[in-house]
Amino acid sequence: MKFYLLPALAIVSCAPVSPVPNSASGMVVYRYVNTLDFGNNNSMDAIAVTGYDDRAQKEATRLDVSVGAATISLRDPYDGTDGGAMYNPSVELTKDGALAVSWEQIGEVHCRSEIVAGEFDKLVERKRVSK
């Protein structure tokens with residue numbers, strides 16, 4: 001009589017792996033990390049833009065923008081609340097060194113926010129345009 005043992009590892013490895021949401025800040029659904037000359041001051045700054053799904057919509061509902069230690073949160077006001085989905089976020093640097101964060105809103109509206117350094121190295125939303 002022969003006995004065959006199936007390794008338990010094979011059974012465990014077939015289990016689906018799903019991301020575990022961080023209850024304090026939602027699930028991460030978008031991340032941009034780069035080093036750019038923020039502010040056109042000839043220095044390279046660590047830039048990170050992280051999109052969080054705070055409402056379990058499978059799309060970003062908040063974008064946290066950080067340059068070095070400074071952070072600012074962007075939300076899309078949808079129907080007067082701060083919970084609208086922010087589709088297809090993107091990041092670029094403007095000619096004057098501002099960080100331009102863009103996203104699409106429901107109804108094919110394109111939004112763009114320009115972030116600059118303010119007093120005491122805080123990040124400030126200089127301008128937001130929706131069209």
Side-chain angles (χ1 to χ4, degrees):
M1 179 182 261
K2 293 183 181 180
F3 293 98
Y4 295 99
L5 296 175
L6 294 176
L9 181 59
I11 296 170
V12 174
S13 66
C14 294
V17 179
S18 60
V20 178
N22 179 344
S23 61
S25 60
M27 186 182 312
V28 174
V29 293
Y30 173 81
R31 181 165 286 144
Y32 171 88
V33 178
N34 204 345
T35 305
L36 302 171
D37 184 11
F38 179 70
N40 277 350
N41 57 6
N42 294 322
S43 67
M44 298 305 282
D45 299 291
I47 308 289
V49 178
T50 307
Y52 294 96
D53 180 7
D54 292 332
R55 295 189 172 211
Q57 297 177 356
K58 297 186 182 178
E59 294 290 343
T61 56
R62 172 174 47 101
L63 296 172
D64 285 352
V65 179
S66 66
V67 178
T71 303
I72 188 171
S73 290
L74 302 174
R75 292 186 181 271
D76 190 54
Y78 177 70
D79 290 340
T81 67
D82 284 334
M86 303 167 89
Y87 303 103
N88 304 319
S90 64
V91 179
E92 64 182 300
L93 200 61
T94 64
K95 289 181 181 181
D96 67 351
L99 197 62
V101 180
S102 302
W103 65 91
E104 302 294 325
Q105 225 179 359
I106 202 163
E108 298 183 23
V109 176
H110 180 76
C111 299
R112 177 182 165 116
S113 174
E114 292 183 9
I115 309 296
V116 295
E119 289 186 22
F120 309 111
D121 293 328
K122 291 189 176 188
L123 297 179
V124 176
E125 186 176 28
R126 171 173 70 185
K127 177 170 72 170
R128 185 180 287 197
V129 177
S130 297
K131 52 183 175 174

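- Gln105 approaches Asp76 most closely through the heavy-atom pair CG-OD2, 2.8 Å.
- Residues satisfying the side-chain hydrogen bond (donor to acceptor under 3.5 Å, both in side chains) criterion with Ser73, sequence neighbours excluded, are Asp64.
- Taking Ser90 as the reference, nothing meets the side-chain hydrogen bond (donor to acceptor under 3.5 Å, both in side chains) condition, with sequence neighbours excluded.
- Interatomic distance, CG of Leu74 versus CZ of Arg128, reported as 5.5 Å (0.5 Å rounding).
- Shortest non-hydrogen contact noted between Ser66 and Leu123 is CA-CD1, 4.3 Å.
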Would you be so kind as to tabulate the donor-acceptor pairs closer than 3.5 Å made by side chains of residues 109-119, with sequence neighbours excluded?
residue: His110; atom: ND1; partner: Glu104; partner atom: OE2; Å: 2.8
residue: Arg112; atom: NH1; partner: Glu92; partner atom: OE2; Å: 3.3
residue: Ser113; atom: OG; partner: Glu125; partner atom: OE2; Å: 2.7
residue: Glu114; atom: OE1; partner: Arg126; partner atom: NE; Å: 3.2
residue: Glu114; atom: OE1; partner: Arg126; partner atom: NH2; Å: 2.6

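- Under the 4.5 Å side-chain heavy-atom criterion for ILVMFWY residues, a single connected hydrophobic cluster contains both Val101 and Leu93.
- Between Ile72 and Val124, every side-chain heavy-atom pair lies at or beyond the 4.5 Å cut-off.
- By the rule that hydrophobic residues join a cluster once side-chain heavy atoms approach within less than 4.5 Å of another member, Ile47 and Met86 end up as members of one cluster.
- Considering all non-hydrogen atoms of both residues, Asp54 and Thr61 come closest at N-OG1, 3.0 Å.
- A 4.5 Å side-chain heavy-atom check between Tyr52 and Val28 finds at least one atom pair inside the cut-off.
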Under 3.5 Å, sequence neighbours excluded: what are the donor-acceptor pairs made by side chains of residues 33-40?
residue: Asn34; atom: ND2; partner: Tyr32; partner atom: OH; Å: 3.0
residue: Asp37; atom: OD1; partner: Asn41; partner atom: N; Å: 3.1
residue: Asp37; atom: OD1; partner: Asn42; partner atom: N; Å: 3.2
residue: Asp37; atom: OD1; partner: Ser43; partner atom: N; Å: 3.4
residue: Asp37; atom: OD2; partner: Asn42; partner atom: N; Å: 3.3
residue: Asn40; atom: ND2; partner: Lys95; partner atom: O; Å: 2.7

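- Contacts of Asp121 classified as side chain to side chain contact (heavy atoms under 4.5 Å, CB included), with partners at least two apart in sequence or in another chain: none.
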